Number of protein chains: 2
Amino acid sequence: MNIGEVAERANLPAKTIRYYEDIGLVRPLRDANGYRAFRETDVHKLVFLGRARALGFSIEDCRTLLALWEDRDRASGDVRRLAKNHLAQIERKIDDLKDMRDTLKDLVRACAGDDRPDCPILSSLARGDQ
Amino acid sequence: MNIGEVAERANLPAKTIRYYEDIGLVRPLRDANGYRAFRETDVHKLVFLGRARALGFSIEDCRTLLALWEDRDRASGDVRRLAKNHLAQIERKIDDLKDMRDTLKDLVRACAGDDRPDCPILSSLARGDQ
DNA sequence: CCTTGACCTTCCAGCGACTGGAACCCCTAT
DNA sequence: ATAGGGGTTCCAGTCGCTGGAAGGTCAAGG
């Protein structure tokens with residue numbers, strides 16, 4: 001299977017797939033003409049990677065998850081620990097963004113937004129209260 | 001004022017301040033010995049930048065905000081528009097992260113997390129439901 | 001047989017916003 | 001004279017791709 005078809009099936013850009021080969025996440029075979037020759041297992045891996053990435057796992061986490069997935073003797077505790085850590089990171093990020101959002105909302109609400117120069121947004125950035 | 005003191009007062013790493021000079025956000029003078037010589041206005045700008053960055057504005061947005069801040073004839077509408085766009089981006093990000101969080105939470109809950117290999121997290125990534 | 005066009009290949013550069021490190025200069029105190 | 005704590009420049013690396021150039025391969029149509 002050539003990269004184009006794989007890209008479609010895994011719903012990933014061909015460029016991304018080549019990159020994943022570069023960093024050793026997949027190892028497709030090669031045809032005589034130099035084209036990458038993907039097996040079904042490669043496609044499965046790429047789908048797996050696409051979903052893990054969509055859940056925000058880092059590439060290194062994905063590498064670990066892939067290894068666990070392929071290890072029949074894994075302990076589900078290892079997977080769960082990884083996922084929980086990642087979950088905690090996401091929650092932290094959400095909290096940070098919520099703080100920004102709340103501040104921004106207040107500022108936007110306070111600003112007339114007309115053609116006069118007075119602007120609570122700029123004043124707040126300058127004063128640094130918020 | 002040397003960069004160390006400015007770094008402390010603006011609560012930014014010296015490296016970051018040098019970078020901001022590199023990309024033209026601040027233009028400190030220079031002493032005879034080559035050291036950067038910051039004026040009060042430079043410090044104010046850096047504080048402003050620090051706060052804008054803390055609210056998640058991109059560097060390019062910060063450049064615009066700084067220009068608006070320095071323009072006595074600005075229209076507050078321009079500032080407000082920028083802030084509103086940014087706010088919308090943040091809300092989109094929060095929503096994306098919430099989706100991830102909810103999925104991850106479900107998966108973590110479903111996983112026993114013991115020393116057995118059965119793992120709904122991996123199965124879900126492989127199957128690619130949700 | 002030749003061309004066209006869609007595919008594939010490699011390699012290099014760039015994104016954003018820093019951050020680390022090397023190699024060096026400057027200033028003050030002892 | 002030296003030690004230490006500033007400062008300087010420049011280059012490379014981070015993360016996860018993405019764009020583009022320059023070229024090889026293949027099937028279909030004239």
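Naming: A, B, ... by sequence-line order, numbering from 1 per chain. Since this is a predicted model, take the numbers as computed values, not measurements.
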Peer 1: Any idea which of C/dC18, D/dT18, D/dT8 is nearest the A/Tyr19 side chain?
Peer 2: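 Of the candidates, D/dT18 comes closest.
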Peer 1: Just the rounded figure in Å: distance from C1' of D/dT8 to CG of B/Asn2.
Peer 2: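 After rounding, the gap between these two atoms is 11 Å.
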Peer 1: Let me see the working for A/Asp102 and A/Lys105 under salt bridge (Lys or Arg N to Asp or Glu O under 4.0 Å), right down to the final yes or no.
Peer 2: CA-CA 5 Å; A/Asp102 293 345; A/Lys105 257 189 180 165; 5.6 Å; no
Peer 1: With heavy-atom distances below 4.5 Å as the criterion, would you say the side chains of A/Arg53 and A/Tyr20 are in contact?
Peer 2: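 Touching, per the 4.5 Å side-chain cut-off.
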Peer 1: Classify the nucleic acid contact of B/Arg53 as base, sugar-phosphate or nothing, counting any heavy atom under 4.0 Å across all strands shown.
Peer 2: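 Since only primed, P, OP1 and OP2 atoms lie under 4.0 Å of B/Arg53, the category is sugar-phosphate.
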Peer 1: Give the rounded distance in Å between these two atoms: CG of A/Asp31 and C1' of C/dC8.
Peer 2: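 A/Asp31 atom CG is separated from C/dC8 atom C1' by 11 Å.
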Peer 1: Would you give the length of the straight line joining atom CG of A/Leu65 to atom CG of A/Leu49, rounded to the nearest 0.5 angstrom?
Peer 2: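 Going from CG on A/Leu65 over to CG on A/Leu49, the span is 9.0 Å.
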Peer 1: Could you check which of C/dT9, D/dG7, D/dC17 has an atom nearest any side-chain atom of A/Ile59?
Peer 2: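 The answer is D/dC17, which lies nearest to the side chain.
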Peer 1: Base, sugar-phosphate or nothing for A/Arg18? Non-hydrogen atoms, less than 4.0 Å.
Peer 2: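 Base contact - A/Arg18 has a heavy atom under 4.0 Å of at least one base atom.
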Peer 1: State which of D/dT18, C/dC26, C/dT19 makes the closest approach to the side chain of B/Thr16.
Peer 2: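 For the B/Thr16 side chain, the nearest candidate turns out to be C/dT19.
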Peer 1: Are A/Glu60 and A/Arg63 within salt-bridge range, i.e. N to O under 4.0 Å?
Peer 2: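 So A/Glu60 pairs with A/Arg63 through a salt bridge.
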Peer 1: For the pair B/Arg81 and B/Asp78, find out whether any cationic side-chain nitrogen is under 4.0 Å from an anionic carboxylate oxygen.
Peer 2: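 Salt bridge present between B/Arg81 and B/Asp78.
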Peer 1: In whole angstroms, how far is the C1' atom of D/dG19 from the CD1 atom of A/Ile17?
Peer 2: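 So the two atoms are 17 Å apart, to the nearest Å.
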Peer 1: Side chain of A/Lys15, base of D/dG16: donor and acceptor closer than 3.5 Å?
Peer 2: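 No such pair is found, so the answer is no.
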Peer 1: How is A/Ile23 classified with respect to the nucleic acid when contacts are heavy atoms under 4.0 Å: base, sugar-phosphate, or nothing?
Peer 2: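 A/Ile23: no heavy atom of the nucleic acid under 4.0 Å.
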Peer 1: So which nucleotide from D/dT8, D/dG7, C/dT19 ends up closest to the side chain of B/Arg36?
Peer 2: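 Nearest nucleotide to the side chain: D/dT8.
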Peer 1: Below the 4.0 Å mark, does D/dG7 have OP1 or OP2 next to a side-chain nitrogen or oxygen of B/Asn33?
Peer 2: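 No.
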Peer 1: Could you state the OH-P distance from A/Tyr35 to C/dC7, rounded to the nearest angstrom?
Peer 2: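 Rounded to the whole Å, the gap is 11 Å.
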Peer 1: With no angle test and no hydrogens, is the base of D/dG16 tied to the side chain of A/Tyr20 by a donor-acceptor pair under 3.5 Å?
Peer 2: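 No, no donor-acceptor pair under 3.5 Å.
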